[in-house]
A.B. asks: 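Mind looking over this structure? Questions follow.
Only heavy atoms go into these numbers, but all of them, side chains included; no hydrogens, no water, no symmetry mates. Note that the coordinates shown come from a computational prediction; the quantities given were computed from them, not determined experimentally. Letters A, B, ... mirror the listed sequences (proteins, then strands); counts begin at 1.
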Number of protein chains: 2
Amino acid sequence: MNVKPLTTQEEVLALLRVEILTGELQPGQQIVQDALAEKFGVSRVPLREALKILEGEGQVTHHPHRGYFVAELSVGDLHEVYRLRALLEREAVTAAVANITDRDLFKIAELAKEVHTATSTGEVLAITAANREFHFAIFELCEMPRLVRLLRQLWDATDVYRSVYFAQAPNRERILLEHDEILNALAARNVERSISWHDTHRDNSVASVSAVISG
Amino acid sequence: MNVKPLTTQEEVLALLRVEILTGELQPGQQIVQDALAEKFGVSRVPLREALKILEGEGQVTHHPHRGYFVAELSVGDLHEVYRLRALLEREAVTAAVANITDRDLFKIAELAKEVHTATSTGEVLAITAANREFHFAIFELCEMPRLVRLLRQLWDATDVYRSVYFAQAPNRERILLEHDEILNALAARNVERSISWHDTHRDNSVASVSAVISG
DNA sequence: GACCGGTAAATTGGATCCAATCCAGAAAAT
DNA sequence: ATTTTCTGGATTGGATCCAATTTACCGGTC
């Protein structure tokens, strides 16, 4: 198969995402390049290039000669991200329904099952990963690569909080049902219903998360 | 004043944007790091960091061990970008109208005048710059920083074509009128009209540009 | 005691150097 | 003649080293 060995910067990028996601690197905290590079066993060059990518995604901020800092999300930011997601995901879903094939539906159904199995294990990281794959399998169908890229950025920005969301058992139960509803709506090629289930899915998420933040 | 000396990577980033904008670096062309670094009189490190930023914006693509290439925009890409702009700019304008003050209006009117003077000189680069300032002065009012960031990315992606647009005299005339209409609609705090003038403004632009591309 | 200026340590930014990978073209095999 | 394999040059990726900037600390002054 086509298993290219990853470059160091790609590995470092993945590691950084995990560090941020798990809270190993906390919001607001400075990222000391020397320390992290040594921790990862690499030099600072690939680390800095990975940080530049995260900067572009808004995951970290950069102040010249002062360094990189893990971005902090206020409640306002959170709502902004979800508002933008609403706009863009509606567009993506609309286009997706227009393009969707039975083969696609089958694949998405498979991914929904994987969310199910991941949920039964209870491992939060596995659930978020599976959940993400499920949703982006749908978004990808819109055949608008830039739109998908923007959506990935928005999802990345709130990954930290999403894992908080999945940590609560009732939420885990609910998303399974909502995924099924989304799947049904897609199978029926019903744009309205597909969108509205996506909306409620998001709304539940943002409500739960902002309760955690402000609480 | 607060005139911090720019870091090398910031300078290089600005230079790269100009090179791409002016077509010095043509779409699809490989960016040979050594050659460009020498041309700019810097080492490859800051160049690579600047390229990483452009990669995040979709202005260049990166293939590991093969290098960076100036991104090519197909007609399909162009339409996608403008579709996304439509979605996001409507949101931005709606929020902007809600926030706009008389002071803001005055400032925007000033910027509109600057587009006017730039147009009279006929220098395309100056026109695009002034035009951009005018529009983003409006978008900024939405007080949604991420939204503005996304819009900047989308604008950057099609900057090359926008200068083609401004190169044609009839277009230059028309945008002045459209800007006035936008200004009027904003002054009246009329969301509907503000949005619809933005829409026609964009539609004229995309129609003209895609005629150039495919023609 | 608070404030200001200066100096040293820590940290980032950039340049240079070396290693790994890719690619074109020559040589060899079918 | 076409395809395959090898090899040298070019180019990118990463490590190390040096320079520039910031920041924290300390002593002095009002």
Side-chain angles (χ1 to χ4, degrees), chain A residues 1-20 23-72, chain B residues 1-20 23-72:
Chain A
M1 273 296 283
N2 197 358
V3 186
K4 290 216 179 178
L6 291 176
T7 60
T8 308
Q9 43 180 298
E10 290 172 314
E11 289 178 32
V12 167
L13 178 59
L15 287 172
L16 272 171
R17 287 193 199 282
V18 173
E19 294 269 313
I20 293 174
E24 196 80 12
L25 289 172
Q26 295 225 340
Q29 180 181 345
Q30 174 161 15
I31 296 174
V32 183
Q33 299 176 13
D34 247 327
L36 251 194
E38 190 177 11
K39 179 175 175 182
F40 291 163
V42 300
S43 87
R44 278 173 43 215
V45 175
L47 173 61
R48 272 160 58 180
E49 297 199 315
L51 284 169
K52 269 282 173 289
I53 294 177
L54 291 177
E55 186 192 0
E57 296 175 359
Q59 297 270 79
V60 303
T61 60
H62 175 68
H63 305 273
H65 297 122
R66 296 200 29 238
Y68 291 89
F69 298 80
V70 182
E72 298 183 86
Chain B
M1 276 293 285
N2 195 359
V3 187
K4 289 218 178 175
L6 291 177
T7 60
T8 309
Q9 42 179 299
E10 289 172 313
E11 290 179 31
V12 168
L13 178 59
L15 288 172
L16 271 171
R17 287 193 198 282
V18 173
E19 295 268 314
I20 293 175
E24 196 81 11
L25 288 172
Q26 295 227 340
Q29 181 181 345
Q30 174 162 13
I31 296 174
V32 183
Q33 299 177 12
D34 247 326
L36 250 193
E38 190 177 11
K39 179 174 176 183
F40 291 162
V42 300
S43 87
R44 278 172 43 214
V45 175
L47 173 61
R48 273 161 57 180
E49 296 198 318
L51 285 169
K52 269 280 174 286
I53 293 177
L54 291 177
E55 186 193 359
E57 296 175 359
Q59 296 270 80
V60 303
T61 60
H62 175 67
H63 305 272
H65 297 122
R66 297 202 25 237
Y68 291 90
F69 298 79
V70 181
E72 298 183 84

A.B. asks: So what does B/Leu47 hit on the nucleic acid, given a heavy-atom distance under 4.0 Å: a base, only sugar-phosphate, or nothing?
C.D. replies: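 No contact.
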A.B. asks: State which of D/dG14, D/dT23, C/dG14 makes the closest approach to the side chain of A/Arg66.
C.D. replies: D/dT23
A.B. asks: Could you tell me how far apart B/Leu51 (CG) and C/dG14 (P) are, to the nearest whole angstrom?
C.D. replies: 14 Å
A.B. asks: Expressed in angstrom and rounded to an integer, what is the separation of B/Glu10 atom CD from C/dG14 atom C1'?
C.D. replies: 14 Å
A.B. asks: Nearest to the side chain of B/Val42 - D/dT11, C/dG13, C/dA15?
C.D. replies: C/dA15
A.B. asks: In terms of side-chain geometry, is the basic nitrogen of A/Lys39 or A/Glu19 positioned less than 4.0 Å from the acidic oxygen of its partner?
C.D. replies: yes
A.B. asks: Just compare D/dT22, D/dT11, C/dG14 and give me whichever is closest to any side-chain atom of A/Arg48.
C.D. replies: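 Nearest to the side-chain atoms of A/Arg48, counting from C-beta on, is C/dG14.
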A.B. asks: Expressed as a whole number of angstroms, how long is the span from A/Glu38:CD to C/dA10:P?
C.D. replies: 15 Å
A.B. asks: State whether B/Gln33 places a side-chain N or O below 4.0 Å from either non-bridging phosphate oxygen (OP1 or OP2) of D/dG13.
C.D. replies: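 Result: yes.
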A.B. asks: Rounded to whole angstroms, how far apart are CD on B/Glu55 and P on D/dT12?
C.D. replies: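 Those two atoms, CD and P, are 14 Å apart.
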A.B. asks: Under the 3.5 Å rule, do the base of C/dG13 and the side chain of A/Arg44 count as making a donor-acceptor pair?
C.D. replies: yes
A.B. asks: Can you find a side chain N or O atom of A/Ser43 that sits less than 4.0 Å from OP1 or OP2 on D/dG14?
C.D. replies: no
A.B. asks: Select one nucleotide: of C/dT12, D/dG14, C/dG14, the one nearest the side-chain heavy atoms of A/Thr8.
C.D. replies: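 In terms of side-chain proximity for A/Thr8, the closest of C/dT12, D/dG14, C/dG14 is D/dG14.
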A.B. asks: Calculate the interatomic distance between B/Glu11 atom CD and C/dG14 atom P; express it in whole Å.
C.D. replies: 9 Å
A.B. asks: Under a 4.0 Å N-O cut-off, is there an ion pair linking A/Glu49 with A/Arg44?
C.D. replies: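 Salt bridge flag = no for A/Arg44 with A/Glu49.
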A.B. asks: Could you check how far NE2 of B/His63 sits from P of C/dA20, rounded to whole Å?
C.D. replies: 24 Å
A.B. asks: May I ask you to decide whether B/Glu57 forms a salt bridge with B/Arg17, counting only side-chain N to carboxylate O separations under 4.0 Å?
C.D. replies: yes
A.B. asks: Tell me which donor-acceptor pairs under 3.5 Å the side chains of residues 23-30 of chain B have, and how far apart each pair is, sequence neighbours excluded?
C.D. replies:
{"unit_1": "B/Gln29", "atom_1": "OE1", "unit_2": "B/Gln26", "atom_2": "N", "d": "2.9"}
{"unit_1": "B/Gln30", "atom_1": "NE2", "unit_2": "B/Arg66", "atom_2": "O", "d": "2.8"}

A.B. asks: To the nearest Å, give me how far apart NE2 (A/His62) and P (C/dT11) are.
C.D. replies: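 Nearest whole value for this atom pair: 16 Å.
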A.B. asks: Taking the side chain of B/Gln30 as its heavy atoms from C-beta onward, which of C/dC22, C/dT11, D/dT12 lies nearest to it?
C.D. replies: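 Looking only at side-chain atoms, B/Gln30 lies closest to D/dT12.
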A.B. asks: Go through C/dG13, D/dT12, D/dA15 for me and flag the one nearest to the B/Asp34 side chain.
C.D. replies: D/dT12
A.B. asks: Could you walk me through whether A/Glu10 and A/Thr7 pass the side chain to side chain donor-acceptor pair (under 3.5 Å) check?
C.D. replies: CA-CA 5 Å; A/Glu10 290 172 314; A/Thr7 60; 3.0 Å; yes
A.B. asks: Would you kindly give the CZ-to-P distance between B/Phe69 and C/dC23, to the nearest whole Å?
C.D. replies: 8 Å
